[in-house]
Trainee: 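Below is a structure I'd like to ask you about.
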Amino acid sequence: MAVLVLTNVKALVGAADLTGYSNKVTLAAKVDALDATTFASDGWRTMAAGLREVTSEIAGFWEAGSAVHPDDRLFADLGVAAVPQTVIPQGATVGNIAYFTRVLRPQYQLGGTVGELAPFMSTAVGDGTPLVRGQLADSGTRTSTATTTALTLAVPSAAQRVYCALHVHSVSGTAPSLTATLQTDDAAGFPTPATVATGSAITAAGSQWLAGAAGVGEGFYRLSLVIAGTAPSFTVTAVIGVA
Amino acid sequence: MSLATIRAGLAARLGTISGMRVHAFDVDTVNPPAAIVPPPETIRYDQAMGKPGLSQYDFKVRVYFSKADARNAQDKLCDALEPAGATSVKAAIEGDRNPGVGCLFTAGVPAADDLVCSAVENTGVYEVGNTLYVGAEFAVTVYARS
């Protein structure tokens, strides 16, 4: 392993890939430390884990003009919950570590000093969805039905689930449709794939959150992408994780 | 967008000043009035995430005027230093900015995202090829994604 200079952090919010517009991305996960000390604690404070929360900040250069630009995306998301947000510190190579959740966006800020590049800054908080540490499952353009590369992740405990965030950045074609199914198997070759969760058909740029039932997962995961339409084309980024 | 197209774009914008002879590279001799676009003094890569990402190019564009007549030379120089107008170097450089689209257009294709001519520095006498000229340096910052 080696240390990492941050130059290519992928930041995805809903349908927008904000990578090329951002120069700062932070993600903070916090667990309340509750004091459970008693006289039986033998002189040491006893702490117990309480509620968890996640906060995020993204900042960069302001641009507007379409739903995938930071101004259009982040302003539209003000006060909106359940928006998938993904951060991939090492860039878009399948298998790279990815952090994802769904957020509520309480703050969006723009404007700066004369002569400087117009900046923006926005904060988000988790909306109650767990923060998932997973891997990048897919990144690029899909034009026909396919399955993504198998990822090796944890087998969820009885209290854990498998999650997937799917960001669809652009769609073209006539009557295009993409249906994503999160699959699992106990072998990398997927000889007997089982369905974890299936999303509704996607026909336009947007995002989708898939979550399996508690305890369902066998250690290997992939997406089955069923694509229909005439000359369909979907630019997607998908991440899978267990939390 | 490339450094070559940025320099060519800056030269083209300077060429819109009537009578200005423009060189998109450093030269050993000049025929004034002349403008020189040398390679950038500073490039700051990775101003935004992504590969190759957003780069900031800091140029020092130089202009030279004949020193044969002192007053005329300084009048010409001051015309070039104006923030606006037909003789303004700043106005010429920033003349084709299309916010949100780009700048330094050639055949409708922008060479950069945006730019600013923020300052004039070092007005005075310059020697080029053993000849003295009156001139100045313009600080030009260009932002572009490769």
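Each chain gets a letter, A, B and so on, in the order the sequences are listed, and its residues count up from 1.
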Trainee: Is a donor from one side chain sitting under 3.5 angstrom from an acceptor on the other, for A:Thr235 and A:Ser170?
Mentor: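 Note: A:Thr235 and A:Ser170 side chains meet the donor-acceptor criterion.
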Trainee: Heavy-atom distance under 4.5 Å to chain A: side chain of B:Asp114, backbone, both or neither?
Mentor: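 Neither the backbone nor the side chain of B:Asp114 comes within 4.5 Å of chain A.
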Trainee: With a 4.5 Å heavy-atom cut-off (strictly below), which parts of residues 97-104 of chain A touch chain B? List them by number.
Mentor: none
Trainee: Tell me, for A:Tyr21 versus chain B, whether the close heavy atoms (under 4.5 Å) come from the side chain, the backbone, both or neither.
Mentor: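 Contact with chain B: backbone and side chain both.
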Trainee: So, do B:Leu115 and B:Glu94 sit near enough that their side-chain heavy atoms are less than 4.5 Å apart?
Mentor: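 Yes, their side chains come closer than 4.5 Å.
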Trainee: Determine the option with the most heavy-atom pairs under 4.5 angstrom with chain B, choosing from A:Glu63, A:Lys24, A:Lys10.
Mentor: A:Glu63
Trainee: Less than 4.5 Å apart, side chain to side chain, heavy atoms only: is that true for B:Asp96 and B:Cys103?
Mentor: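 A side-chain contact under 4.5 Å exists here.
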Trainee: Of all the heavy-atom pairs spanning B:Pro110 and B:Gly108, show the shortest one and how long it is.
Mentor: CD-O, 3.7 Å
Trainee: Identify the two heavy atoms, one from A:Gly60 and one from A:Asn23, that lie closest to each other, and give their separation to 0.1 Å.
Mentor: CA-OD1, 3.4 Å
Trainee: Under a 4.5 Å cut-off applied to non-hydrogen side-chain atoms, are A:Ile240 and A:Leu223 in contact?
Mentor: yes
Trainee: Take A:Cys164 and A:Val162, measure what side-chain contact (heavy atoms from CB on, under 4.5 Å) needs, and give me the verdict at the end.
Mentor: CA-CA 7 Å; A:Cys164 170; A:Val162 184; over 6 Å; no
Trainee: Quick check on the 6.0 Å ring-centre criterion: do A:Phe190 and A:Phe220 meet it?
Mentor: no
Trainee: Between the main-chain N or O of B:Asn72 and the side-chain N or O of B:Asp69, is there a donor-acceptor pair closer than 3.5 Å?
Mentor: yes
Trainee: Answer yes when A:Arg222 and A:Asp138 have at least one side-chain N-carboxylate O distance shorter than 4.0 Å, and no when they do not.
Mentor: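 Salt bridge: no.
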Trainee: Does anything in residues 110-125 of chain A reach chain B? List residues with heavy atoms under 4.5 Å apart, or say none.
Mentor: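 A:Gly115, A:Leu117, listed by number.
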Trainee: To the nearest 0.5 angstrom, please state how far the NZ atom of A:Lys30 sits from the CG atom of A:Leu131.
Mentor: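 It is 15.0 Å, given to the nearest 0.5 Å.
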